[in-house]
Amino acid sequence: MSTVAAGELLATQELSAYYGSRQAVADVTIAFRRKAVTALIGPSGCGKTTLLRCLNRIHEINFDARVQGSVLLDGQDIYGGDMDPMAIRRRIGMVFQRPNPFPTLSILDNAIACAPKGLNRRGKLEAAERALRSAALWDEVKDKLKTSPLRLSGGQQQRLCIARAVAAQPEVLLMDEPTASLDPIATAVIEELMSSLCKEFTIVAVTHNMQQAARVSSVTAFMLADETGIGRLIEADDTGKLFTKPSDRRTEDYISGRFG
Amino acid sequence: MAQSASRNRNLARRRIIGGLGVGVALTCAVIGAVCLLIILGYVIVQGAGAINRDFLTQLPHPVGVPGGGVGNGILGTFIILGLATAMAVPIGLLTGIYLSLFGRGPIPEGLRFLSDVLSGVPSIAIGLFAYAVLVAPLRHFSAFSASFAFMMLMLPLLVRTSEQAIRSVPQTVREGALALGMSNFRATVQIVIPTAMPAIITALLLAIARVIGETAPLLFTAFGSQFWETNPNKPMAVLALQVFTYAISPYPNWQAQAWGGALLLIGAVFVLSLGARLMLRRAMRGLEA
Amino acid sequence: MTAEPRFRRVARFVSPADRGFAAVVYAGSILFALLIVGLFVELVLGSWPSIVKFGPAFIFSSSWDPITSKFGALPMIFGTVMTSLIAIVLAAFIGIMAAVFLADFAPRWLGQPLSFLIELLAAVPSVVYGLWGLFVLAPFMRTTLGPALQHVLGWTPLFSGPIYGVGLLTGGIILALMIVPTVTAISRDVIVAIPRDLREASMALGSTKWETAMRVVLPAARVGIFGACVLALGRALGETIAVTMVIGNRPEISSSLFAPSYTLASVIANEFTEATTSIYTSALIELGLILFLVSMVVNALARLMIWSVRGSERV
C-alpha cells in the first residue's frame with residue numbers, strides 16, 4: 001500500500017463490523033486519498049457496502065450493528081465518545097444504491113433538505129441552484145422546482161440525491177453503487193459527475209463493476225470474504241497498477257474473472 | 001367407445017354440479033348485497049321524509065309536540081368525536097412510531113398483543129371503563145367520558161395502521177435523511193411521517209366511521225341532553241343515542257325521527273368510507289413511486 | 001489493540017432533540033399500555049363485591065332479581081351463546097360462499113362493486129341494524145317467517161310456542177347480517193392469497209372451477225377462514241345495541257327460539273343507569289368482565305389462526 005500515505009482526510013484503523021454476533025468486516029486499515037475517487041470493489045457479500053456504511057456511522061442505525069476499531073476523520077476518531085454522529089454525517093455525505101429522494105418534498109426542498117437553517121427564500125433558491133448545478137441537474141429541473149421528485153427519471157433522481165448530499169457541504173462523499181439501478185446513459189452521466197466532483201470532495205465509491213472502477217477512480221481497493229464469510233481488505237493501490245500488476249494472487253484471479 | 005360415452009356423461013354431470021355450485025355461491029354474494037340494499041332502501045325511504053331544515057337545526061320537542069329536531073345531537077356528535085380524535089391521534093401515532101422504530105423484543109410484542117386485545121373488547125365494556133374512571137368519581141355524566149370511550153375504540157386501528165404505514169416507508173428514505181445528518185426526530189417528523197400520512201389519514205377516517213354510530217358506551221357516559229350543550233363536562237346529546245332512544249320509544253313522531261337520524265348516520269359512514277378509499281388509493285400511489 | 005475486543009456501544013438517540021423525542025414516544029406508548037391494563041383492572045375492581053358475594057355460582061345461577069339482590073348470569077350467558085351460534089351458522093355459510101364467489105368466480109365488473117358493497121355493510125352502525133330489526137324484521141318474523149317456520153318445524157321444541165317477533169331467532173338473524181361482511185371480507189383475502197399454481201394445477205387435471213374451489217382452494221384456506229369465523233363470533237358475542245332492540249329483554253331460559261331472551265351486553269345497556277344498589281351495579285360490571293374475558297380468548301384464538309396462514313403479516 002505504498003501509494004496510500006498516512007495523514008489523509010479519512011482513514012480506518014483495524015476496523016471490524018458486526019451484525020449481532022456475525023462479523024461482516026475484519027481488520028480493515030486503509031487511508032483514502034484526498035480529493036480523489038477511491039473505488040471499493042469485490043464480489044457480492046465481501047463487506048464493501050458494510051465498510052462504506054461504517055465510514056459515516058450509518059451502519060449503527062441497524063438494530064444489532066456494532067463496530068470495533070476506529071475511523072479517523074482529519075485525525076479524529078468519529079466513534080470517539082464525544083463525537084456526534086449527526087455532525088459527522090454532515091461532514092461525510094452519502095449517496096445510496098437506489099435513488100431515495102424524499103417523496104413528500106419538492107425538488108427544491110429535496111436539494112436543500114440539509115442546507116443551513118435560517119435562509120430566506122432567495123438564499124434557499126441560490127443554495128438549491130448551486131447544489132443542482134454541481135450535480136449537473138439544474139438545466140433539466142429549473143422550470144419544475146416545485147414539483148415532486150418522483151416524476152424525474154431514475155438518473156435524474158440519483159443526481160438530485162447527489163445534489164442533496166453536496167448541499168450540506170461535506171468534505172467526503174460516500175457512494176454505494178450509485179449507478180446500480182440506472183441504465184447505461186444515466187450511468188455515464190453519473191460517472192462524469194463523479195470525475196468532476198472529486199476536484200472538490202474526497203469520494204469513496206462502492207462498485208461491483210470493475211470497468212467502472214477503472215474509469216472513474218484513481219485508487220482501487222479490493223475486498224474479499226474469507227472462507228468464514230468475513231470481509232477483508234486484500235489490497236489497495238493506484239487503479240492503473242491494481243488492474244495491471246496486482247500484488248496479490250487473489251486480486252489477479254478476481255480481475256481476470258476467475259471467480260466472483 | 002362405451003368408455004368414452006360414459007366419460008362424457010360423467011363430465012356433463014360434473015359440469016352441472018359445477019354450475020349449480022357457482023350458482024349457490026353467486027346467490028350467497030347476492031344475498032349479502034341485497035340485504036344492504038334492503039336496509040339502505042328502508043332507511044332512505046323512511047328517513048328522507050323526516051329530514052328537513054328543522055330536523056337538522058332544532059332542539060327536540062317534548063313528547064306530544066310535533067316537529068323538533070336533532071340539532072343538538074349533531075353538534076354533540078361533532079364535539080365528542082373531535083375530542084376523541086384529539087386524544088386518540090397523538091397516543092396512537094406515538095405508539096405506532098414506537099412500534100415501528102423499536103419493533104422487536106418482548107415489550108413491543110406485548111404492546112401489540114394488548115392492542116389486539118383492545119380491538120376485540122366489546123364497546124359496552126369500554127363504556128363501563130369510561131364510567132368507572134370519569135363518571136363515577138365525578139358523580140355526573142359527561143361528554144368527555146364519551147370521548148374517552150371513543151378514543152379507546154379508535155386506538156387499536158390507529159396504532160396498527162400507523163405502525164404499518166411508517167414501516168412501509170422504504171428504509172432507504174429514512175437512511176437518506178439520517179445520512180444527511182438529520183436527527184432521528186427530524187427524519188421521522190419531517191420525512192418519514194409525511195410519507196406515511198395518506199395511510200394514517202385513511203386509518204383515522206375508518207376509525208371515525210367505526211365510532212360515529214357507536215351507541216352502547218354512550219348510554220352511561222354522554223347520557224343525552226335536551227339542550228344545546230357545548231360543555232364537555234356536562235351530559236350531552238349525541239345523534240346515535242337519540243336514534244336509539246327514539247326507536248324504542250312508543251311515539252310515532254319520535255320513531256320517524258329515528259329513521260331520519262339513521263339516514264344521517266349511514267350517510268356520514270358512507271362518506272367517511274369513500275374518503276378513506278380515495279385516501280388509500282393516494283397512499284398506494286405514493287408508496288409505489 | 002488490547003486482547004479484549006473493545007466494542008462500540010451504539011447510541012441511536014444522542015442529540016437533545018432525539019432524547020426528547022424518544023421520551024415523548026415512550027410516554028405515549030406507556031400511556032397506551034396503561035389504558036388497556038387499566039381497563040382490565042377497573043373491570044375487576046368494579047365487579048369485586050359481586051365476585052366476593054356470589055362466587056362462581058354467579059355463572060351457574062339463573063335468577064336475576066334486583067329486588068332481592070340475587071344475581072346469576074346463566075340466562076344472559078345462554079342468550080349470548082344462542083344468538084351468537086345462530087348468527088355464526090348463518091353467517092359462515094353465506095359469508096364463505098360469497099367469498100368464494102368474489103375471489104374465484106366473479107368477473108371483475110361484478111366482483112369489485114359487490115366487494116365494495118359488502119365492505120360498506122360492515123360499516124353500517126349497529127343502531128341502524130337495530131332500528132331496521134325492530135321495525136322491519138321483528139314484524140316480519142311475527143307475521144310471516146315465524147309462522148312459516150313453525151308450520152314446517154313446529155314439532156321440535158326449538159320452533160314451538162308463541163311468536164312475539166322479538167326473541168332469540170330475530171337477534172341471531174340481525175347478528176348474522178352484521179357479521180357476514182366480516183366473514184366475507186377476511187375469507188376473500190385469505191382465498192385470494194392462495195397461490196395461483198395450486199388452482200392451475202387442479203384445472204390442468206381437468207377439474208371444473210367449482211371442484212377446484214371446493215377440493216383445492218377451500219382446504220388450503222381453511223385455517224384462515226376458520227379464523228375469520230371465530231373473529232366474527234367475537235364481534236357477535238359483544239354486540240350490544242342491535243341485539244338489545246330485538247332480543248325481547250327477558251332473563252329467562254327457554255327452549256324455543258321464538259322466546260324473548262337477554263344477552264350479557266344488552267342487560268348492561270338496559271339496566272346499568274337504573275341500577276340502584278351497589279351490588280346491582282357490581283353484578284352488571286361482572287357481566288362486563290365475563291364479556292371482556294370471553295371476547296379476549298375468542299379474539300386471541302382468531303388472530304393466532306389468521307397469522308398462522310398469513311405469516312408474520314398482521315390483520
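Protein chains get the first letters and strands the later ones, always in sequence-line order, with residue 1 at the start of each. Here the structure is a predicted model, which means the values were calculated and not measured.
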key: Portion of B:V211 that has a non-hydrogen atom of chain C nearer than 4.5 angstrom   = neither

key: Contact class of C:V25 relative to chain B, heavy atoms under 4.5 angstrom   = both

request  = Pick one of side chain, backbone, both or neither for B:I31, based on which atoms fall under 4.5 Å of a heavy atom in chain C.
outcome  = side chain

inquiry  = If you count heavy-atom pairs within less than 4.5 Å of chain C, which of B:I91, B:L37, B:I126, B:L40 leads?
reply    = B:I91

inquiry  = Rounded to the nearest 0.5 Å, what separates atom OG in C:S29 from atom CG in B:L99?
reply    = 6.5 Å

query = Which word best sums up how the rings of C:F272 and B:Y131 line up, parallel for under 30°, tilted for 30 to 60°, or perpendicular for over 60°?
reply = perpendicular

ask   = What part of B:I17 is in contact with chain C, defined as an atom under 4.5 angstrom from a non-hydrogen atom: side chain, backbone, both or neither?
value = both

query = Where does C:L134 contact chain B at under 4.5 Å (heavy atoms): side chain, backbone, both or neither?
reply = side chain

ask   = About how many Å separate CG of B:L26 and CG of C:L110, when rounded to the nearest 0.5 Å?
value = 7.0 Å

query = Between C:V294, C:I96, C:V128, C:V127, which residue shows the highest count of heavy-atom pairs closer than 4.5 Å to chain B?
reply = C:V127

ask   = Quick one: of C:V180, C:I268, C:V100, C:N299, who has the most non-hydrogen atom pairs under 4.5 Å with chain B?
value = C:I268

ask   = Of the options C:I241, C:T244, C:N270, C:T240, which is the one that meets B:L219 in a side chain to side chain contact (heavy atoms under 4.5 Å, CB included)?
value = C:I241

key: Minimal non-hydrogen separation, B:A247 against C:L131, with atom names   = CB-CD1, 3.4 Å

task = Check whether B:R210 gets within reach of chain C through its side chain, its backbone, both or neither, counting any heavy atom under 4.5 Å.
result = neither

inquiry  = On a heavy-atom basis, which atom in C:L177 and which in B:C35 lie closest, and how many Å separate them?
reply    = CD2-SG, 3.3 Å

ask   = Do C:L43 and B:F129 have side-chain heavy atoms sitting under 4.5 Å apart?
value = no

ask   = Less than 4.5 Å apart, any side-chain heavy atom of B:Q46 and any of C:F135?
value = no

message = If you count heavy atoms of other groups shown closer than 6.0 angstrom to CD1 of B:I107, is the number above 12?
response = no

task = Flag the pair C:F101 / B:V30 as yes when at least one side-chain heavy-atom distance between them is below 4.5 Å, and no otherwise.
result = no

request  = May I ask you to test the B:L128-C:L289 pair for a side-chain heavy-atom distance under 4.5 Å?
outcome  = no

ask   = At a heavy-atom separation under 4.5 Å, does C:V41 approach chain B through its side chain, its backbone, both, or neither?
value = neither

ask   = So, C:Y26 versus B:F102, ring centres under 6.0 angstrom or not?
value = yes

Interface moiety of B:T27 toward chain C, non-hydrogen atoms closer than 4.5 Å = neither

note = Between C:W210 and B:V22 the two heavy atoms that sit nearest each other are CE3-N, 3.7 Å

note = Looking only at heavy atoms, the pair that brings B:A25 and C:M97 closest together is CB-O, 3.6 Å

inquiry  = Please classify the contact of C:F40 with chain B as side chain, backbone, both or neither, using a heavy-atom distance under 4.5 Å.
reply    = neither

remark   = Looking only at B:G19, B:S115, B:G127, B:G92, most heavy-atom pairs under 4.5 Å shared with chain C are made by B:S115

ask   = Top residue by heavy-atom pair count (under 4.5 Å) with chain C, among B:G261, B:G21, B:A136, B:A216?
value = B:G21

key: Heavy-atom pair with the smallest gap, counting every atom of C:I94 and B:C28   = O-CB, 3.5 Å

query = Centres of the B:Y98 and C:F32 rings: under 6.0 Å?
reply = no

ask   = With no hydrogens and no angle check, is any side-chain donor or acceptor of C:D18 less than 3.5 Å from a backbone partner on B:S183?
value = no

message = So C:P125 and B:V269, do their side chains get closer than 4.5 Å, heavy atoms only?
response = yes

